[in-house]
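Since the structure comes first, as structure tokens, the remarks are kept for the end.
Just so we're clear, the structure is a prediction, and the values are computed from it rather than from any experiment. Whatever order the structure lists ligands and atoms in, that order sets their numbers, starting from 1.
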Amino acid sequence: MKLLVTGGAGFIGSAGGRMAVGRGYQGVNVDALTYAACLDSLAGVAADPRYRFEHVDIRDRAALDRVFAEHRPDAVLHLAAESHVDRSIDAPAIFVETNVLGTCNLLDAARKHYIDSNRPDRFRFVHVSTDEVFGTLGEIGAFDENTAYDPRSPYSASKAASDHFARAWAETYGLPVIITNCSNNYGPYQFPEKLVPVAILNALQGRPIPVYGAGQNVRDWLYVDDHAAALLKVLGSGRKGDTYLIGGNSEARNIDLVRMICRALDVVRPSGRPYENLIEFVSDRPGHDFRYAIDATHIRQALGWGPTVSLAEGVARTVDWYLTNEAWWRPLLSRRGVGQRLGAA
Ligand code: NAD
């Protein structure tokens, strides 16, 4: 099977790409190489003849048509996006351009390819989205496939819009679309602007570890390889037109997750005083959603998928990975915006 992956030089896309090539798929990675991209994340597969890279922006329709015509993929796994909520607060327009217009371009280029190929039965367009489109939960409850959309940040609004367009291409044009909405991911190769790598790398550098507000916000954390496995499962056996919510069943308050990271570091890289002492509470993110949680019953029952890595195990693995892969993350610290407070508005 030949897979066209967009955003394959990003965090989740590279995990999916490594797993897919490892499982024998041919993969074409379409990526514009924004500030968040890192081709080194694919170093392990770059020389594999089953892997190809296309330096293409999904906003460029003509380039997408050329890529589809040249590679003739059997399926699309669409991950390319602007993905950082804080950046969406400072500069929302690029989120509309890439996440909404770029997704429309890709959907339409895929539709043309699907029709030109005589609508093959096995063709799938998997649109990878987030649980943030559902807004915020109170202390109890969980999102499921019937939860109404209620996005509250420019990022989640742009992802919600892209989900609606993906459904529109399924209903209006008959494109075999599947949508996934996943909870917060963490693990190796995550760009050092998201909570987990920020906590690890600031601690290692003896710098304050910023925690927004009082650190009470709750997220449902999923180890990235579990997400990649879920996406491959959806590609292989997901029902066209269906939606699958993907979650880790591992809720944690931000402050508890950061403390867990600090304690893991205390064990493997003791510094003489607890890393927790570096935690610094900073002003909260505007409109910060209080809690997300996923009820993943549908994907478990329909496709037999469930998370395999516990939060404690995943954090330990992630801390170990950043300790042994400084050559990967060190150059990223000088990219624009990294290490700065963004989205304080
Ligand atoms: P990321 O920011 O690490 O990577 C995004 C990739 O997309 C980068 O390689 C970037 O160069 C590429 N890209 C950006 N704009 C592009 C454009 N116009 N054309 C082509 N490529 C472009 O993101 P991630 O964390 O890996 O997330 C991937 C997808 O999964 C996103 O759609 C995101 O909304 C979704 N998602 C992420 C999480 C999470 O916790 N990280 C959770 C659920 C869903």
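- Between His78 and Val177 there is no side-chain heavy-atom pair separated by less than 4.5 Å.
- Here's the thing with Thr98: one of its N/O atoms is less than 3.5 angstrom from an N/O atom of ligand 1.
- One side chain, Lys194 or Ser83, offers a donor N or O that lies under 3.5 Å from an acceptor on the other.
- Looking only at heavy atoms of the protein, atom 4 (O) of ligand 1 is closest to Gly10 CA, 3.3 Å.
- If you chain together ILVMFWY residues whose side-chain heavy atoms come under 4.5 Å of each other, Leu235 ends up grouped with Met1, Leu3, Val5, Phe11, Ile12, Met19, Tyr25, Leu77, Leu79, Val126, Val128, Ile178, Leu222, Val224, Leu231, Leu232, Val234, Tyr244, Ile246, Ile299, Leu303, Trp305.
- Near Ser183, meaning under 4.0 Å from one of its heavy atoms, ligand 1 places the atoms 42 (C), 43 (C).
- A continuous path of hydrophobic side-chain contacts links Ile200 to Trp321 [ILVMFWY only; heavy atoms under 4.5 Å].
- Inclusion of Asn185 in the set of residues having an N or O under 3.5 Å from an N or O of ligand 1 is warranted.
- In the vicinity of Asn184, heavy-atom distances shorter than 4.0 Å reach the ligand 1 atoms 40 (O).
- In this structure, of Gly7, Cys182, Ser83, the residue bringing a heavy atom nearest to atom 23 (O) of ligand 1 is Ser83.
- When only non-hydrogen protein atoms are considered, atom 19 (N) of ligand 1 lies nearest to Ile58 N, 2.9 Å.
- Closest to atom 20 (C) of ligand 1, if we only count protein heavy atoms, is Ala32 N, 3.2 Å.
- Stacking of Arg87 on the aromatic ring of Tyr35 is recorded, both the 6.0 Å distance cut-off and the 45° axial limit being met.
- A distance of 6.0 Å or more separates the ring centres of His84 and Phe191.
- The shortest contact between atom 37 (C) of ligand 1 and any protein heavy atom is with Ile12 CD1, 3.3 Å.
- When the heavy-atom distances from atom 22 (C) of ligand 1 to Ala80, Ser156, Gly102 are ranked, the shortest goes to Ala80.
- For ligand 1 and Tyr155, the ligand atoms under 4.0 Å from any heavy atom of the residue are 33 (C), 34 (O).
- For Arg285 and Ser153, the side-chain atoms include no donor-acceptor pair closer than 3.5 Å.
- Close contacts of ligand 1 with Thr34, meaning ligand atoms under 4.0 Å from a residue heavy atom, involve 10 (C), 11 (O), 13 (N), 14 (C), 15 (N).
- By the criterion of side-chain heavy atoms lying less than 4.5 angstrom apart, applied directly or through intervening Ile, Leu, Val, Met, Phe, Trp or Tyr residues, Val196 is grouped together with Leu204 in one hydrophobic cluster.
- The side chain of Lys159, and not its backbone, has at least one atom closer than 4.0 Å to an atom of ligand 1 (non-hydrogen atoms only; side chain from C-beta on).
- Set against the non-hydrogen atoms of Val128, the atoms of ligand 1 under 4.0 Å away are 30 (O), 32 (O).
- Ring orientation note: the planes of Phe95 and Tyr155 are nearly perpendicular, at an angle over 60° on the 30°/60° scale.
- Between Trp328 and Tyr322, the angle of the ring planes goes over 60°, which puts this pair in the perpendicular group of the 30/60° scheme.
- The shortest N or O to N or O distance between Asp57 and ligand 1 is under 3.5 Å.
- Scanning the protein heavy atoms around atom 3 (O) of ligand 1, the nearest turns out to be Phe11 N, 3.0 Å.
- The backbone of Leu33, and not its side chain, has at least one atom closer than 4.0 Å to an atom of ligand 1 (non-hydrogen atoms only; backbone = N, CA, C, O).
- For ligand 1, the atoms sitting less than 4.0 Å from at least one non-hydrogen atom of Ala81 are 5 (C), 7 (O), 14 (C), 31 (C), 32 (O), numbered in the order shown with element in parentheses.
- At least one N or O atom of Leu79, backbone or side chain, sits closer than 3.5 Å to an N or O atom of ligand 1.
- Between His164 and Tyr149, the distance separating the two ring centers is shorter than 6.0 angstrom.
- Numbered from 1 in the order shown, with element, the atoms of ligand 1 that lie under 4.0 Å from a heavy atom of Ala36 read 2 (O).
- Taking every heavy atom of Ser129 and a limit of under 4.0 angstrom, the matching atoms of ligand 1 come to 43 (C), 44 (C).
- Under 3.5 Å, the side chains of Glu313 and Tyr223 contain no donor-acceptor pair of N or O atoms.
- At a 4.0 Å heavy-atom cut-off, ligand 1 touches Val56 through the backbone alone.
- Judged by a 6.0 Å distance limit and a 45° cone about the ring axis, Arg111 is positioned over the six-membered ring of Tyr173.
- Looking only at atom types and distance, the side chain of Ser183 has no donor-acceptor partner in the side chain of Asp131 under 3.5 Å away.
- Some N or O of Asp31 is nearer than 3.5 Å to an N or O of ligand 1, by distance alone.
- Residue Ala37 places no N or O, backbone or side chain, under 3.5 Å from any N or O of ligand 1.
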